[in-house]
Amino acid sequence: MIGALAVPALAAANSGGGSALAPASSPSGSRSATTRATANSMRSSETSSAAQNGNLAVSSTGDGITLVTHASTMLRNQLTFTGTAPSGQAGRTVEIERLGHQTNWKWAATVPATIGSDGSFSATWHTNHIGRFSIRARIVQAPTSSSSAAALPAVTVTVYRQSIATEYGEGFWGQKTACGQTLRRSTIGVANRTLKCGTKVALYYHGRTMIVPVIDRGPYANHADWDLTEATDKAMGIDGTATIGAVSLPAQPARS
């Protein structure tokens, strides 16, 4: 069942928000080798005003191995990987590996699985890191060459942190955000206290997910972590303030 492995519906919160566009009296103060191909597939160069389904099963087949898991989960939840291996591999170990910002863009062992007599395998990762990861399955044997590694099955998974998000916008249309953007009713984006302007952030709420940029500073009230523009709230199906899943998506540094 997809819902059992994906992000659960998150409870609504009831606090208000505030961003760098708040009035001057607010606490804001002032406004102010597979690795390359895989990483490229993980990076999003565009944002969208439409949310997508985040409760998806994802799968990939390569080098005779099939890997299946879910695209979204929350930090500290269990994420299960299942699949099949080529015949004659019963008893061998399949290593589920991840690659992302948290692993310094190198493949890191995540959880092992043993291939059964029918060629199937299953393993569960008790997620202990947030981020967007490429996940692959590799049969443990001789060192993997770059050519054989390129054929391994790989899928993309996002691990979100539970966060409080507030909404802002009305009353500030036409004003400049701390990142220099004119705030409009249709503006998609979030405010954050520390992330660089333009940083992509993945959001998750009740099965919906979208990637939006940091466009402002804030919030500065009610213990909120993010301030979503009104258009972002509507696209995600949020009414005001809510507890959501969120994670920033640092891009892989360019290689010299």
Side-chain angles (χ1 to χ4, degrees), residues 1-8 33-44 52-161 202 204 207-209 211 245 247 249 252:
M1 180 178 178
I2 291 178
L5 295 177
V7 182
T34 47
T35 56
R36 172 57 61 187
T38 302
N40 285 343
S41 69
M42 294 165 60
R43 286 155 53 177
S44 174
Q52 300 179 348
N53 183 4
N55 280 342
L56 294 174
V58 289
S59 64
S60 179
T61 299
D63 202 27
I65 306 169
T66 295
L67 175 65
V68 182
T69 189
H70 285 82
S72 303
T73 192
M74 293 293 291
L75 180 66
R76 300 186 185 89
N77 278 6
Q78 296 184 6
L79 183 63
T80 297
F81 306 95
T82 60
T84 57
S87 60
Q89 301 295 322
R92 301 189 76 97
T93 297
V94 171
E95 189 68 60
I96 306 298
E97 300 176 325
R98 69 183 186 278
L99 176 148
H101 179 262
Q102 181 266 329
T103 68
N104 197 28
W105 304 104
K106 297 178 181 179
W107 289 105
T110 300
V111 62
T114 301
I115 302 171
S117 58
D118 61 351
S120 66
F121 61 85
S122 177
T124 299
W125 177 29
H126 298 266
T127 57
N128 55 351
H129 294 285
I130 60 172
R132 174 156 290 183
F133 299 101
S134 182
I135 303 288
R136 75 179 185 184
R138 178 178 64 85
I139 299 176
V140 178
Q141 48 189 6
T144 305
S145 66
S146 59
S147 58
S148 60
L152 294 174
V155 296
T156 300
V157 167
T158 305
V159 181
Y160 298 87
R161 186 194 305 278
Y204 182 98
R208 297 184 180 185
T209 185
I211 298 174
V247 62
L249 304 177
Q252 182 181 12

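- Every residue meeting the side chain to side chain contact (heavy atoms under 4.5 Å, CB included) condition with Ala137, not counting sequence neighbours, appears here in chain and number order: Ile65, Leu67, Val94, Ile96, Phe121, Pro153.
- Inter-residue side-chain proximity for Pro112 and Val140 is flagged as unmet; no heavy-atom pair is nearer than 4.5 Å.
- Taking 4.5 Å as the limit, every side-chain heavy atom of Met74 sits out of range of all side-chain heavy atoms of Thr127.
- Closest approach of Ala90 and Ser117 over heavy atoms only: CB-CA, 3.9 Å.
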* Run the side-chain contact (heavy atoms from CB on, under 4.5 Å) check on Ile135 and Leu79 step by step: do they pass? -> CA-CA 12 Å; Ile135 303 288; Leu79 183 63; 5.8 Å; no

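- Pairing each heavy atom of Arg92 with each of Ile139, the nearest pair is NE-CG2, 3.8 Å.
- Looking at heavy atoms from C-beta onward, Tyr204 lies out of side-chain contact with Thr73 at the 4.5 angstrom threshold.
- Judged by distance alone, with hydrogens and angles left aside, the side-chain atoms of Thr156 form no donor-acceptor pair with the main-chain N or O of Ser134 at under 3.5 Å.
- Checked against side chain to side chain donor-acceptor pair (under 3.5 Å), Thr93 has no partners two or more places apart in sequence or in another chain.
- Between the side chains of Thr158 and Ser72, no donor N or O sits under 3.5 Å from an acceptor N or O.
- The one candidate from Val68, Val111, Val155 that meets the side chain to side chain contact (heavy atoms under 4.5 Å, CB included) condition with Phe81 is Val111.
- Residues passing the salt bridge (Lys or Arg N to Asp or Glu O under 4.0 Å) test with Glu95, sequence neighbours excluded: none.
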* Kindly indicate, with the supporting measurements, whether the criterion side-chain contact (heavy atoms from CB on, under 4.5 Å) is fulfilled by Trp107 and Leu152. => CA-CA 12 Å; Trp107 289 105; Leu152 294 174; over 6 Å; no

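- Among all heavy-atom pairs drawn from Ala108 and Thr103, the shortest one is CB-CG2, 3.8 Å.
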* Could you walk me through whether Asn77 and Tyr160 pass the side chain to side chain donor-acceptor pair (under 3.5 Å) check? -> CA-CA 10 Å; Asn77 278 6; Tyr160 298 87; over 6 Å; no

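- Under the side chain to side chain donor-acceptor pair (under 3.5 Å) criterion, Ser122 pairs with no residue, sequence neighbours left out.
- Applying the side chain to side chain donor-acceptor pair (under 3.5 Å) criterion to Thr82, with sequence neighbours excluded, gives no partner residue.
- Residue Ala113 comes nearest to Ala123 through the heavy atom pair CB-CB, 3.7 Å, listed as atom of the first residue, atom of the second, then distance.
- A pairwise comparison of heavy atoms in Ala71 and Gly54 identifies CB-O, 4.2 Å as the closest pair.
- Rounded to the nearest 0.5 angstrom, Arg98 CZ and Thr110 OG1 are separated by 4.0 Å.
- With hydrogens and angles disregarded, a donor-acceptor distance shorter than 3.5 Å links the side chain of Asp118 to the backbone of Ser120.
- In terms of heavy-atom proximity, Ala85 sits nearest to Ile115 at CB-CD1, 3.5 Å.
- For Arg208, there are no side chain to side chain donor-acceptor pair (under 3.5 Å) partners, not counting sequence neighbours.
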* **Test log, rule side-chain contact (heavy atoms from CB on, under 4.5 Å), inputs His129 and Val159** => CA-CA 7 Å; His129 294 285; Val159 181; over 6 Å; no

